[in-house]
Amino acid sequence: MDSPARPQWHITLTSVGFVSPEQLAALADETGWTVTAGIEPHTTEIVLTSALDDLRAAIDEAFTVVGRATAGLDLERTGVRACPWSDPCEPPGGAARAVPLVAVAEVAEILGVSPARVHLLAERKDFPEPQYELATGKLWPVSDIYHFDKIWDRGPDRPGANA
């Protein structure tokens, strides 16, 4: 009986494009990979492992598999990082990533509204919950705000109204 292939590489593919928190979770659940929102807004990192010895073949395999898994998502690949499995720079399961946060001023800019309007929107049931509430104000994960912007029904004839 053959033993399972031993992982050789951690491959991290970086893409730009909107992926909602729900899509990130679904992709991670379906594939078993580590999928995170990146440091910059609209950046997604997918970390997977390969048992192939040859690095070029492992990267090609990663692009093929991730391409199939993310078909239908609007992602543009912008980078690839590979690290040997044994290298501590990429531990199994991927390293914890910082979640980019935004305050009222940045939320207003993303949504194209005034800061006063953000305070009113924050009272809505469908507006994202802030991750932190500090003395200086609330902080939201930027991916939650981009997701809200995408689903927000601004109504007809309103600036930025969804088509």
Side-chain angles (χ1 to χ4, degrees), residues 1-103 105-107 109-112 122 125-134 138-153 160 162-163:
M1 184 181 234
D2 290 338
S3 61
R6 187 172 60 99
Q8 299 295 323
W9 301 99
H10 291 285
I11 310 288
T12 304
L13 300 181
T14 306
S15 300
V16 173
F18 180 80
V19 180
S20 72
E22 294 83 10
Q23 289 170 316
L24 287 174
L27 186 56
D29 289 345
E30 289 173 28
T31 63
W33 303 325
T34 301
V35 182
T36 61
I39 301 304
E40 298 296 325
H42 289 292
T43 302
T44 303
E45 290 188 343
I46 300 174
V47 181
L48 59 148
T49 58
S50 174
L52 297 176
D53 289 329
D54 180 66
L55 176 58
R56 182 72 235 163
I59 292 171
D60 288 344
E61 174 190 52
F63 275 113
T64 300
V65 171
V66 169
R68 278 196 308 260
T70 60
L73 298 180
D74 187 22
L75 295 176
E76 176 185 336
R77 286 185 195 84
T78 58
V80 62
R81 182 175 65 231
C83 216
W85 176 264
S86 59
D87 191 325
C89 72
E90 285 288 338
R97 305 261 184 233
V99 175
L101 300 172
V102 290
E106 294 84 11
V107 173
E109 185 177 324
I110 291 167
L111 298 178
K125 291 184 189 292
D126 62 343
F127 197 81
E129 288 293 319
Q131 185 164 348
Y132 298 103
E133 292 193 41
L134 308 174
K138 298 176 181 180
L139 298 174
W140 292 269
V142 70
S143 60
D144 290 358
I145 300 303
Y146 279 112
H147 179 67
F148 176 78
D149 187 37
K150 193 170 185 168
I151 64 166
W152 179 27
D153 181 12
N162 297 333

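Quick caveat: nothing in here was measured; it's all calculated off a predicted structure. Counting from 1, the numbers follow the sequence of the chain as shown.
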Can you find a heavy atom in the side chain of F63 that is under 4.5 Å from one in the side chain of I59?
->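 The answer is yes; the side chains approach within 4.5 Å.
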Is any side-chain heavy atom of F127 closer than 4.5 Å to a side-chain heavy atom of I145?
->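 Counting from C-beta outward, F127 and I145 do come under 4.5 Å.
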Any idea which heavy atoms bring P141 and E129 closest together, and the distance?
->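 For P141 versus E129, the nearest heavy atoms are CD-O, 4.5 Å.
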Nearest heavy-atom pair of D149 and I110: which atoms, and what distance?
->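 Heavy atoms only, the tightest pair is OD2-O, 3.9 Å.
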With no hydrogens and no angle check, is any side-chain donor or acceptor of W140 less than 3.5 Å from a backbone partner on P128?
->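 Between the backbone of P128 and the side chain of W140 there is a qualifying donor-acceptor contact (under 3.5 Å).
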Set of salt bridge (Lys or Arg N to Asp or Glu O under 4.0 Å) partners for D60, sequence neighbours left out |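 Per chain and number, D60 pairs via salt bridge (Lys or Arg N to Asp or Glu O under 4.0 Å) with R56.
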Sequence neighbours left out, what passes side chain to side chain donor-acceptor pair (under 3.5 Å) with E106? Give chain and number order.
->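 Side chain to side chain donor-acceptor pair (under 3.5 Å) check on E106 returns nothing, list empty.
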Side chain to side chain donor-acceptor pair (under 3.5 Å) against D53, all qualifying residues, sequence neighbours excluded |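 So D53 forms no side chain to side chain donor-acceptor pair (under 3.5 Å) with any residue.
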Among all residues two or more places apart in sequence or in another chain, which pass the side-chain contact (heavy atoms from CB on, under 4.5 Å) test with [X]?
{"X": "A57", "result": "L52, D54"}
{"X": "V65", "result": "W33, E61, R68"}
{"X": "Y132", "result": "L101, L134, L139"}
{"X": "E133", "result": "P130, K138"}

